[in-house]
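Letters A, B, ... are given to chains in the order of the sequence lines, protein chains preceding strands, and every chain is numbered from 1. Here the structure is a predicted model, which is why all the values come from computation and not from measurement.
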Amino acid sequence: MTECSANKSANGDACHHKTNGRKPGRNGYVKNRFHLQRQQLQNSFYPKEKASCNGGLYSRPFLESFEETPMLVAVLTYMGYGILTIFGYLRDFLREWKIEKCHIAREREEQKEFVPLYQDFENFYTRNLYMRIRDSWNRPICSVPGAKMDLVERVSHDYNWTFNYTGNVVKDVINLGSYNYLGFAENSGPCANAAADMTMKYGVGVGSTRQETGNLDKHEELEQLVARFLGVESSMVFGMGFATNSMNIPALAGKGCLILSDELNHTSLVLGARLSGSTIRVFKHNNMQSLEKLLRDAIVHGQPRTHRPWKKILIVVEGIYSMEGSIVRLPEVIALKKRYKAYLYLDEAHSIGALGPHGRGVLDYFGLDPQDVDILMGTFTKSFGGAGGYIGGKKDLIDYLRAQSHSAAYATSMSPPVAQQIIASMKCIMGEDGTTIGRERIHQLAENTVYFRTRLREMGFIIYGNNDSPVVPMMLYMPAKIGAFGREMLKRNIGVVVVGFPATPIIESRARFCVSAGHTRDMLDTALSAISEVGDLLQVKYSQHRASPSLDRAFNEPAYEETEA
Amino acid sequence: MYSNLVSVTESSGMDVKNLKEYLCWLYYQYLLITGIYVLEPWEQSIFNTVFFTMVAMVIYTSYVFVPIHVRLALEFFSGLCGGQEESTVALMN
Ligand SMILES: Cc1ncc(COP(=O)(O)O)c(C=O)c1O
């Protein structure tokens, strides 16, 4: 399984590039010309990336890059944190001696002898670093967070300890932060109307669990639709995506089981794995050698001390990693899973709807069979503009979960208008509403993604992740630049998400853009020119591999070919 | 990237032409890189005072002491070389 190289698959495509149709065992929708162009681009854009091995398993070039941090930037970043830490200690010292008023929770006088609650690094960090730039987070929004949104204007007169609302609204801020991949977060249109009608008919609250009196016909309908959409036997929906992970993994694995988890998995997966009480081993992000080694060790050595074989081995991965923008190497994971007879849990929270020519997630993207993944999980929060999560798989599995899962037994079921929104948007994606809107949006998203990523790369920013991933992390590194970037972008009427320490390694602070199908080319151009301007102002164009703009023809080619229905 | 910062700043300085604006830009970069951009003004003044005092002291001491040390070193090394020459000459003879 390791004999093929990426070049081989590229050459294979080169030979076939006249036969522009489906090829058995390949993803027939990929434009071959596009393949070639990208392959050429590879040399100029991604010189440092690991040319993906196992090319034989991939139906398309797997281009993923994580440019290394420039040395000087790393040193300066650490220096910046050092200076801020010194000032943090100074402020803590002043607070300790009551020279300055402490605005944040602290140990009470009566609790002096107790175990300290607010003294670990995270608290220090919140108090002395996060507080200073927290105006870039938690901004109240007062409209639908679609491609554009309105923000409530707020000011702080005491350096972010408290905020005052001025009563004004910042209108028409371009939204580059929401996970609104297909643009279904709308307050008008067929989906919103369907949800509104449903509210008139069923109300909003359900007030009971699925096992009791909270099982509506809409839920049943939604589950059948989801199963059909995913191409699996059966599925189950839950009212909250986070709980889908954290409450179902404990139902699937327990003591004596082994969970192999990617190091960058979402907190909900981590929490679920911990709650399950199984042994957890972590493999390096998207690193198949690391995963294979863990699998081998697990099979050779069995459980610690007793050396009994593990009851189950569950591999937990995500489709698109939301902080790195990388796509899981699913064909390789599936090959490993089959070879070592492990189970696979795939969280498609970000990838469902956003990837693949039919919007069916990573499986669709790689052209794989849904039966190869044992547990397909995803959320409706992102691409479908709703809320909640689902689990899909074999009928036995779903029946078991219906009886065992905590979120089925103890959590209120999904609100009917939300269910209706998901049904409407999913039908739209599948083309069952009789329009091509869904297909167009998928197409538009792929196009926007390639355009946005290519342009950012050309400008000289360090962009992480896979070329087809609509999550675009852009590196900022220095702590002051996190705050400055958020503020400067907002001044230019663009809302971005900036991410710092607990969510990323300490020096790899970044801004994360989420491209949406709702963004028009104009919006993207406005945003890109603002990003470029701020990038010059803040000097964050760190990339050492400048791409030449002459290659910008590629993004006019969408990643997927329109297929006739 | 910062190795060519100097050239970047020079070119944009040319563009801007206005020296004051250029200095503001330079100060802004200094704020961002040191991280004191996020601090409150009084903290910034403390940092600036300490930082610039230190820089000034380094420059002053190097101005005062470096020439002396250089001269001493020169003397020392030339003495060494001279001495060696003499001894080799002596040996040859
Ligand atoms: C990978 C992953 N799983 C689960 C969730 C939780 O989904 P929800 O927001 O619907 O609760 C998220 C949310 O960001 C996620 O990124």
- Query: For Phe47(B), is it the side chain, the backbone, both or neither that has a heavy atom under 4.5 Å from a heavy atom of chain A?
  - Reply: both
Does [atom1] belonging to [X] count more than 12 external heavy atoms closer than 6.0 Å?
{"X": "Trp42(B)", "atom1": "CH2", "answer": "yes"}
{"X": "Tyr63(B)", "atom1": "OH", "answer": "no"}
{"X": "Tyr89(A)", "atom1": "OH", "answer": "no"}
{"X": "Tyr60(B)", "atom1": "OH", "answer": "no"}

- Smallest heavy-atom separation, Ala480(A) atom then Gly35(B) atom, equals CB-CA, 3.7 Å
- Item | Shortest non-hydrogen contact between Tyr28(B) and Leu537(A), atoms and distance | CE2-CG, 3.8 Å
- Is there side-chain contact between Ile33(B) and Met478(A), with at least one heavy-atom pair below 4.5 Å?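 Yes, close enough: below the 4.5 Å cut-off.
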- Decide yes or no for Tyr37(B) and Arg487(A): does some side-chain heavy atom of the first lie under 4.5 Å from some side-chain heavy atom of the second? yes
Side-chain donor/acceptor pairs under 3.5 Å, residues 70-81 of chain A, sequence neighbours excluded:
{"unit_1": "Thr77(A)", "atom_1": "OG1", "unit_2": "Val73(A)", "atom_2": "O", "d": "2.5"}
{"unit_1": "Tyr81(A)", "atom_1": "OH", "unit_2": "Ile506(A)", "atom_2": "O", "d": "3.1"}

- Going through the checks in order, is the side-chain contact (heavy atoms from CB on, under 4.5 Å) test met by Arg132(A) and Leu39(B)? CA-CA 7 Å; Arg132(A) 298 178 190 274; Leu39(B) 299 185; 3.4 Å; yes
- Give, for atom CD of Glu43(B) and atom CG of Leu84(A), the distance between the pair rounded to the nearest 0.5 Å.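 Result: 9.0 Å between the selected atoms.
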